[in-house]
A.B. asks: 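Structure below; questions to follow.
Predicted model, so just to flag it, every value in this text is computed and none were measured.
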Amino acid sequence: MNEIAIDLDLDSVDMDYQTISRVPFSQLKKFTVIPISQDDISVRVAFYDPLDIEAQEAVQRLFPKKILQIVSARKKQIESYLYKVELQDSVKDLIKKIRDELNSITTLQEQQKSSSILLLIDIILKTCIHSRASDIHIEPTEKNCVVRARIDGKLTEVQIFDKDIYPPLASRLKLLSNLDIAEKRKPQDGRFSASVADGEYDFRISTLPVLYGESIVMRILDKEKALVKLEDAGMDSASYNKLIKGLKKPFGIILVTGPTGSGKTTTLYGALNELRNVQDKIITVEDPVEYRMNLIQQVQVNPKIGLSFATALRSILRQDPDKIMIGEIRDQETLEIAIKAALTGHLVISTLHTNDSIGAISRMLDMGAQSYLISGALVAIQAQRLVRKICIKCKKVDKISLSILEELDRYIPEKAIFYKGQGCKECNDTGYVGREMICEVLNITDKLSSLIAKGASKDAMLAQAVDDGFVDIFENGIRKALDGTTSLEEVLKVAKT
């Protein structure tokens, strides 16, 4: 018997699930152990308690002709992987049926008609949607096919299958999305719709060639989310009123900024919900169109045929619009047309990749726009992030270190109480359920507009904004932590600069 290796991180190992499937699950659960891999001579097994002689003897009986290599691993990690094995057992019959179908299939037409792989796709979609996932990642590894879901901004493993299940699964998803199933060397994009658990969902699919096949990522687009009101997305009343004030202006540019995955698209659609009516012509140009909405004309960008943001925008201006939504301002040409549209009587809303609202002004200058045009066109800028909400089932008072309290002294009142989630079954031991927006909204006042036109420094513009009542995103986050919506740790991680 080899010496014990201490604290192996199981997430860093490509687990051999075929070895695990040959062992009675009840035994693994009883002793909190999990086999990792085996060769002709030895078997490597992770133990929660590597000094448990009874567990060692029981595992040795399961592999009588192999040398036992013992590694220790955290109990939570082993239990997490045992849960995944249990999930696999629940679809074992379906996997067998898929294999039987694959062995009997001789033509592509028969493969397209096979129903078992569709049932597996349905289980994957249901599991991920039930877990409140925003994206589903299907990834081939050397030994397995791993399904991960992005839940509250963090990826978590949902299911793991043997490698032979990956090719039919990938092919069927490509067929559903009208992609070329024979093309495996180039990235492809598509979408499909499905009814899952009494709800209608769109799935935007992207494929990328990787070492062992293709990485497939599906963005879950819940049609009901397109109808979410801004205040229901977690926007505080003060920020909401500032943004609505900007949206009521007859013309100008309103920008939503933040990094990828900060909820900018949801905010744009929330703003469109506030704006859409029978009297106004609203046109959007998006890449891609994520949610389909009534009373709005939506244009899908298509670079392959020369339909870029800029060319689409030029045509839109000849369509007599009142309000225009641009999915993202990516280049100087798009920015210049957007500014011209804003200065000629149109309300333009769009997104920009910057870290804060003041930074959007510098970014526009860097992209080549003239400062006097920016000052005349800008109406409001919102910067936002998403923070995870504390699970109400395991919420408890959080002890904050003295050094952090001293550092945040100007934001925090005396005897302030913060909370955190301890971790329970409801939140899958994360301490969080769901996400909410924290934001800052910068309304462009006359004084601030004058500073922009003069090319003033960022510090000067920020000082003026604070005089005008501006509250930055970090302070907004601290207020959310103080009222117990999120934890201070989450705010410091997401919004501290």
A.B. asks: Could you check whether Arg219 pairs with Asp135 (Lys NZ or Arg NE/NH1/NH2 to Asp/Glu carboxylate O, under 4.0 Å)?
C.D. replies: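 So Arg219 pairs with Asp135 through a salt bridge.
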
A.B. asks: Does a side-chain N-to-carboxylate-O contact under 4.0 Å join Arg191 and Asp202?
C.D. replies: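 The answer is yes: the pair qualifies as a salt bridge.
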
A.B. asks: Using a strict threshold of under 4.0 Å (side-chain N to carboxylate O), is an ion pair present between Lys458 and Asp356?
C.D. replies: yes

A.B. asks: So does Arg388 get a backbone contact from the side chain of Thr486, meaning a donor-acceptor N/O pair under 3.5 Å?
C.D. replies: yes

A.B. asks: Under a 3.5 Å threshold, yes or no: a donor from one side chain and an acceptor from the other, between Tyr291 and Thr265?
C.D. replies: no

A.B. asks: Less than 4.5 Å apart, any side-chain heavy atom of Leu352 and any of Met367?
C.D. replies: yes

A.B. asks: With under 30° as parallel and over 60° as perpendicular, where do the rings of Phe203 and Phe192 fit, or are they tilted in between?
C.D. replies: parallel

A.B. asks: Taking the basic N atoms (NZ, or NE/NH1/NH2) and the acidic carboxylate oxygens, is any pair closer than 4.0 Å for Lys174 and Glu214?
C.D. replies: yes

A.B. asks: Please report the closest heavy-atom contact between Ala481 and Val491, naming both atoms and the distance.
C.D. replies: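 Closest approach of Ala481 to Val491: CB-CG2, 4.2 Å.
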
A.B. asks: Go through the structure and list residues passing ring pair (Phe, Tyr, Trp, His ring centres under 6.0 Å) with Tyr411, not counting sequence neighbours.
C.D. replies: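 Listed in chain order: Phe474.
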
A.B. asks: Closer than 3.5 angstrom, by distance alone: can the side chain of Asn277 be matched with the main-chain N or O of Gln279 as a donor-acceptor pair?
C.D. replies: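 Confirmed, Asn277 side chain pairs with Gln279 backbone.
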
A.B. asks: Have Gln188 and Thr207 got a donor and an acceptor in their side chains that come within less than 3.5 Å?
C.D. replies: no

A.B. asks: Can you name the nearest heavy-atom pair linking Leu173 to Ile216, along with the distance?
C.D. replies: CD1-CG2, 4.4 Å

A.B. asks: Are a donor atom and an acceptor atom from the side chains of Asp236 and Ser239 found within less than 3.5 Å of each other?
C.D. replies: yes

A.B. asks: Charged N to carboxylate O below 4.0 Å: is that the case for Glu333 and Arg314?
C.D. replies: yes

A.B. asks: State plainly whether the residues Arg204 and Glu290 are in salt-bridge range, i.e. N to O under 4.0 Å.
C.D. replies: yes

A.B. asks: If only atom types and distance count, is the side chain of Gln332 paired as donor or acceptor with the main-chain N or O of Thr334 below 3.5 Å?
C.D. replies: no

A.B. asks: Could you grab the distance from atom OG of Ser449 to atom CD1 of Ile374, nearest 0.5 Å is fine?
C.D. replies: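 If we round to the nearest 0.5 Å, Ser449:OG and Ile374:CD1 are 10.5 Å apart.
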
A.B. asks: Hey, could you give me the CD1/OG1 distance between Ile329 and Thr351, rounded to the nearest 0.5 Å?
C.D. replies: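 If we round to the nearest 0.5 Å, Ile329:CD1 and Thr351:OG1 are 7.5 Å apart.
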
A.B. asks: Could you list all the ring-ring contact (aromatic ring centres under 6.0 Å, His included) pairs where at least one residue sits in residues 129-154, not counting sequence neighbours?
C.D. replies: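 Qualifying pairs: none.
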
A.B. asks: If you measure from CD1 on Ile473 to OG on Ser357, what distance do you get to the nearest 0.5 Å?
C.D. replies: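 Going from the CD1 atom of Ile473 to the OG atom of Ser357 covers 8.5 Å.
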
A.B. asks: Let me see the working for Glu286 and Gln298 under side chain to side chain donor-acceptor pair (under 3.5 Å), right down to the final yes or no.
C.D. replies: CA-CA 7 Å; Glu286 305 170 59; Gln298 294 172 277; 3.1 Å; yes

A.B. asks: Using the side chain to side chain contact (heavy atoms under 4.5 Å, CB included) rule, take Leu373 and Leu343 through it: C-alpha gap first, then chi angles, then the decisive distance, then the call.
C.D. replies: CA-CA 8 Å; Leu373 291 175; Leu343 293 172; 3.7 Å; yes

A.B. asks: Can you check whether Asp472's main-chain N or O pairs, donor with acceptor, with Asn476's side chain at less than 3.5 Å?
C.D. replies: no

A.B. asks: Strictly distance-based, threshold 3.5 Å: is any side-chain N or O of Lys264 a donor or acceptor partner for the main-chain N or O of Pro259?
C.D. replies: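 Confirmed, Lys264 side chain pairs with Pro259 backbone.
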
A.B. asks: Before you tell me yes or no, could you show the steps for Leu307 and Val301 under side chain to side chain contact (heavy atoms under 4.5 Å, CB included), namely the whole-Å CA-CA distance, both residues' side-chain angles and the distance that decides it to 0.1 Å?
C.D. replies: CA-CA 6 Å; Leu307 184 61; Val301 167; 5.6 Å; no

A.B. asks: With side chain to side chain donor-acceptor pair (under 3.5 Å) as the test, would you mind laying out the steps for Asp483 and Thr485 before giving the verdict?
C.D. replies: CA-CA 6 Å; Asp483 69 20; Thr485 304; 2.6 Å; yes

A.B. asks: Out of the candidates Ile358, Leu442, Val466, only one should pair with Met461 under the side chain to side chain contact (heavy atoms under 4.5 Å, CB included) rule; please name it.
C.D. replies: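 Only one option passes, and that is Ile358.
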
A.B. asks: Any donor-acceptor pair under 3.5 Å linking the side-chain atoms of Asn428 with those of Thr430?
C.D. replies: no

A.B. asks: With salt bridge (Lys or Arg N to Asp or Glu O under 4.0 Å) as the test, would you mind laying out the steps for Asp467 and Lys447 before giving the verdict?
C.D. replies: CA-CA 10 Å; Asp467 285 347; Lys447 287 181 179 176; over 6 Å; no

A.B. asks: Considering only NZ, NE, NH1 and NH2 on the basic side and carboxylate oxygens on the acidic side, decide whether Lys281 and Asp320 come within less than 4.0 Å.
C.D. replies: no

A.B. asks: Show the nearest heavy-atom pair for residues Ile337 and Ala310, with the distance to one decimal.
C.D. replies: CD1-O, 3.5 Å

A.B. asks: Is any NZ, NE, NH1 or NH2 atom of the basic residue among Lys389 and Asp152 found under 4.0 Å from an Asp or Glu carboxylate oxygen of the other?
C.D. replies: no

A.B. asks: Do Ser177 side-chain atoms and Gly190 backbone N/O form a donor-acceptor pair below 3.5 Å?
C.D. replies: no

A.B. asks: Which is it for Arg435 and Val387 under the side chain to side chain contact (heavy atoms under 4.5 Å, CB included) test, yes or no, and what are the steps along the way?
C.D. replies: CA-CA 5 Å; Arg435 289 191 292 175; Val387 290; over 6 Å; no

A.B. asks: Rounded to the nearest 0.5 Å, how far does CG of Asn355 lie from NE2 of His353?
C.D. replies: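 The NE2 atom of His353 sits 11.0 Å away from the CG atom of Asn355.
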
A.B. asks: Yes or no on salt bridge (Lys or Arg N to Asp or Glu O under 4.0 Å) for Lys480 and Glu436, after CA distance, side-chain angles and deciding distance?
C.D. replies: CA-CA 10 Å; Lys480 287 265 168 96; Glu436 192 167 291; 3.2 Å; yes

A.B. asks: Ignoring hydrogens and angles, tell me if any N or O in the side chain of Arg385 forms a donor-acceptor pair with the backbone of Cys439 under 3.5 Å.
C.D. replies: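 Judged by distance alone, no pair lies under 3.5 Å.
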
A.B. asks: For Lys249, does the NZ atom have more than 12 heavy-atom neighbours from other residues, nucleotides or ligands under 6.0 Å away?
C.D. replies: no

A.B. asks: Dump the intermediate steps for side chain to side chain donor-acceptor pair (under 3.5 Å) on Tyr240 and Glu274, then the final yes or no.
C.D. replies: CA-CA 11 Å; Tyr240 175 74; Glu274 299 281 348; 3.1 Å; yes

A.B. asks: Out of curiosity, Met15 CE to Ile160 CD1, how far, rounded to the nearest 0.5 Å?
C.D. replies: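 Reported to 0.5 Å precision, the distance equals 7.0 Å.
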
A.B. asks: Run the salt bridge (Lys or Arg N to Asp or Glu O under 4.0 Å) check on Glu475 and Arg479 step by step: do they pass?
C.D. replies: CA-CA 6 Å; Glu475 191 170 341; Arg479 290 175 185 178; 3.1 Å; yes

A.B. asks: Report yes or no: does Glu489 contribute a side-chain atom to a donor-acceptor pair with the main-chain N or O of Leu492 at less than 3.5 Å?
C.D. replies: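 A pair under 3.5 Å: no.
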
A.B. asks: Run the side chain to side chain contact (heavy atoms under 4.5 Å, CB included) check on Thr354 and Ile361 step by step: do they pass?
C.D. replies: CA-CA 9 Å; Thr354 61; Ile361 298 165; over 6 Å; no

A.B. asks: Without hydrogens or angle criteria, can the side chains of Asn144 and Glu139 be said to hold a donor-acceptor pair below 3.5 Å?
C.D. replies: no

A.B. asks: List in chain and number order the residues that pass side chain to side chain contact (heavy atoms under 4.5 Å, CB included) with Lys323, two or more places apart in sequence or in another chain; answer none if no residue qualifies.
C.D. replies: Leu275, Asp280, Ile282, Leu347

A.B. asks: Before accepting this row, confirm whether a basic side-chain N of the pair Arg148/Glu157 lies closer than 4.0 Å to the acidic partner's carboxylate O.
C.D. replies: no

A.B. asks: What I'd like to find out is whether the side chain of Ile254 reaches to under 4.5 Å of the side chain of Leu378, using heavy atoms alone.
C.D. replies: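 No, too far: nothing below the 4.5 Å cut-off.
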
A.B. asks: To check you understand the geometry: which heavy-atom pair defines the closest contact between Gly477 and Ile438, and what is its length?
C.D. replies: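 That closest heavy-atom pairing would be CA-CG2, 3.8 Å.
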
A.B. asks: Report the C-alpha distance between Gln384 and Ser262 in whole Å, list the side-chain angles of each, state the deciding distance to 0.1 Å, and finish with yes or no for side chain to side chain donor-acceptor pair (under 3.5 Å).
C.D. replies: CA-CA 6 Å; Gln384 66 180 69; Ser262 58; 5.0 Å; no

